[in-house]
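Throughout, a chain's letter reflects where its sequence line sits, starting with A, and its residues are numbered from 1. A quick note: this is a predicted structure, and the numbers were derived from the prediction, not measured.
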Amino acid sequence: MKLREVVESLHLSVRSGEDRLDQAVTGGYAGDLLSDVIANSKAGNVWITMQVHVNIVAVAVLKDLAGIIIVQGRQPSEETLKKAKEEKVAIVVSDAPAFETGGRLYTLIDGSS
Amino acid sequence: MEDRFSHSFTIRGKHFIDAGKVSTEIKRLLKELGVRADIVRRVAIATYEAEMNVVMYAKDATVTLELTPRDIRIVIDDRGPGIADIELAMQEGFSTATSEMRELGFGAGLGLPNIKKNSDDFKIGSTVGAGTKLEITVFIN
Ligand SMILES: Nc1ncnc2c1ncn2[C@@H]1O[C@H](COP(=O)(O)OP(=O)(O)OP(=O)(O)O)[C@@H](O)[C@H]1O
Ligand SMILES: [Mg+2]
């Protein structure tokens, strides 16, 4: 499944990395503690989080994540967007909370395999 | 690949905006040098956790990256408060992160354990009131 299909099915709004939407999504990981995400996410995962500050970009780069879904309509900070554009990281926003976003993503990915 | 490649970087403490810069740079460099992706990722994770600890707890640090055909060695040598009880600091879940750091998603107490997990050899030494030195080695084969 491509990130684009996730964006379309879950009605997410793209804030950076428009050119990264053809990336393959291998699954997802949800968490707000960076070290936990670093330890447990896998390359190609989308990361579901409430965190909006600039440090989320480095985590996505280091773990080769497919993208970041920020939940509950929270907006990435200016610095976050600037860094995401530099590093070519896709950041998308979901208006739904983490539980619902994760649930929908799980159903979508599970149903496609 | 050259027989030996080495490069130094500096990390400034308390500089959250730049945080992750050195590990991102090291990741890019190793990739360009043709190191295998899973090895690059392990080095990058270990370096990132060490870098964030410098940003959060220390004044500044020198990072040295050394690449040979056999292994990748990263030394992070900081000037800072040091760690009084290393065994305690190494435990999963132990953290002295402030509430501000926790709000930013730090403070799971998983950084040092993550470094250890991602290295083939890991040494940590510290002098209270002076600083902390980490030596991380990842084998290439
Ligand atoms: N370079 C350092 N200088 C001084 N103290 C340190 C340093 N690195 C780690 N520590 C101490 O060791 C503790 C554990 O570090 P560790 O990286 O495992 O967790 P953390 O930084 O608190 O949280 P996380 O890394 O999960 O965000 C820290 O809370 C801090 O008290
Ligand atoms: Mg840490």
Side-chain angles (χ1 to χ4, degrees), chain A residues 16-17 20 23-24 26-27 29-72 74-91 98, chain B residues 11 14-31 36-56 74 89-95 97 99-119:
Chain A
S16 69
R20 304 303 304 260
Q23 280 198 101
T26 57
Y29 192 79
D32 298 326
L33 293 169
L34 306 189
S35 293
D36 166 57
V37 175
I38 287 173
N40 298 309
S41 65
K42 306 261 180 322
N45 282 178
V46 284
W47 171 21
I48 298 171
T49 189
M50 299 245 308
Q51 296 293 354
V52 293
H53 65 96
V54 66
N55 294 108
I56 61 176
V57 178
V59 172
V61 172
L62 295 173
K63 291 290 295 192
D64 296 312
L65 300 180
I68 304 170
I69 303 180
I70 297 176
V71 294
Q72 234 151 14
R74 287 168 61 116
Q75 294 302 321
S77 73
E78 284 293 312
E79 288 107 40
T80 305
L81 282 181
K82 187 166 166 269
K83 185 76 147 237
K85 280 168 190 163
E86 277 168 28
E87 299 288 345
K88 300 197 192 313
V89 168
I91 295 184
Chain B
I11 303 171
K14 313 284 172 288
H15 229 257
F16 276 89
I17 295 292
D18 278 352
K21 200 174 156 200
V22 170
S23 26
T24 314
E25 246 174 79
I26 287 179
K27 179 172 189 197
R28 191 172 299 134
L29 209 74
L30 292 177
K31 220 164 139 186
R36 232 171 59 201
D38 56 325
I39 289 171
V40 172
R41 208 174 296 130
R42 283 171 58 206
V43 173
I45 291 166
T47 312
Y48 175 79
E49 294 287 10
E51 180 176 9
M52 293 321 302
N53 284 351
V54 172
V55 171
M56 290 196 285
I74 311 258
M90 287 300 302
Q91 282 178 18
E92 286 199 7
F94 177 81
S95 176
S99 54
E100 280 154 315
M101 295 171 186
R102 286 171 199 271
E103 248 166 62
L104 297 177
F106 300 105
L110 291 175
L112 291 172
N114 275 354
I115 299 175
K116 191 163 186 225
K117 254 182 241 164
N118 283 284
S119 7

Which one wins on heavy-atom pair count under 4.5 Å against chain B: Leu33(A), Asp32(A), Leu62(A), Val59(A)?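 Of the options given, most contacts go to Leu62(A).
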Please identify, among Val52(A), Val54(A), Ile38(A), Thr80(A), the residue contributing the most non-hydrogen atom pairs under 4.5 Å to chain B.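 The answer is Ile38(A).
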Flag yes if more than 12 heavy atoms outside [X] fall under 6.0 Å of its [atom1] atom; otherwise flag no.
{"X": "Lys14(B)", "atom1": "NZ", "result": "yes"}
{"X": "Glu103(B)", "atom1": "CD", "result": "no"}
{"X": "Gln72(A)", "atom1": "CD", "result": "yes"}

Would you name the heavy atoms of Glu79(A) and Ile17(B) that are closest together and state the gap between them?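 Glu79(A) and Ile17(B) have their closest heavy atoms at OE1-CD1, 3.5 Å.
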Pick whichever of Arg41(B), Arg28(B), Lys21(B) has the most heavy-atom pairs under 4.5 Å with chain A.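 Looking at each of Arg41(B), Arg28(B), Lys21(B) in turn, Arg41(B) comes out on top.
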By a 4.5 Å heavy-atom criterion (distance strictly below it), what part of [X] contacts chain B: side chain, backbone, both, or neither?
{"X": "Asn55(A)", "value": "both"}
{"X": "Lys63(A)", "value": "both"}
{"X": "Val61(A)", "value": "both"}

Got a second to check how far Thr24(B)'s OG1 is from Lys83(A)'s NZ, nearest 0.5 Å?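 So the gap between those two atoms works out to 6.5 Å.
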Euclidean distance, Met101(B) CE relative to Leu34(A) CG, rounded to 0.5 Å: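 Result: 12.5 Å between the selected atoms.
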Ignoring hydrogens and angles, tell me if any N or O in the side chain of Lys117(B) forms a donor-acceptor pair with the backbone of Ala39(A) under 3.5 Å.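 No, Lys117(B) side chain to Ala39(A) backbone: no donor-acceptor pair under 3.5 Å.
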Whether Asn114(B) side chain and Ser35(A) backbone form a donor-acceptor pair below 3.5 Å: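 Pair found, side chain donor or acceptor close to backbone of Ser35(A).
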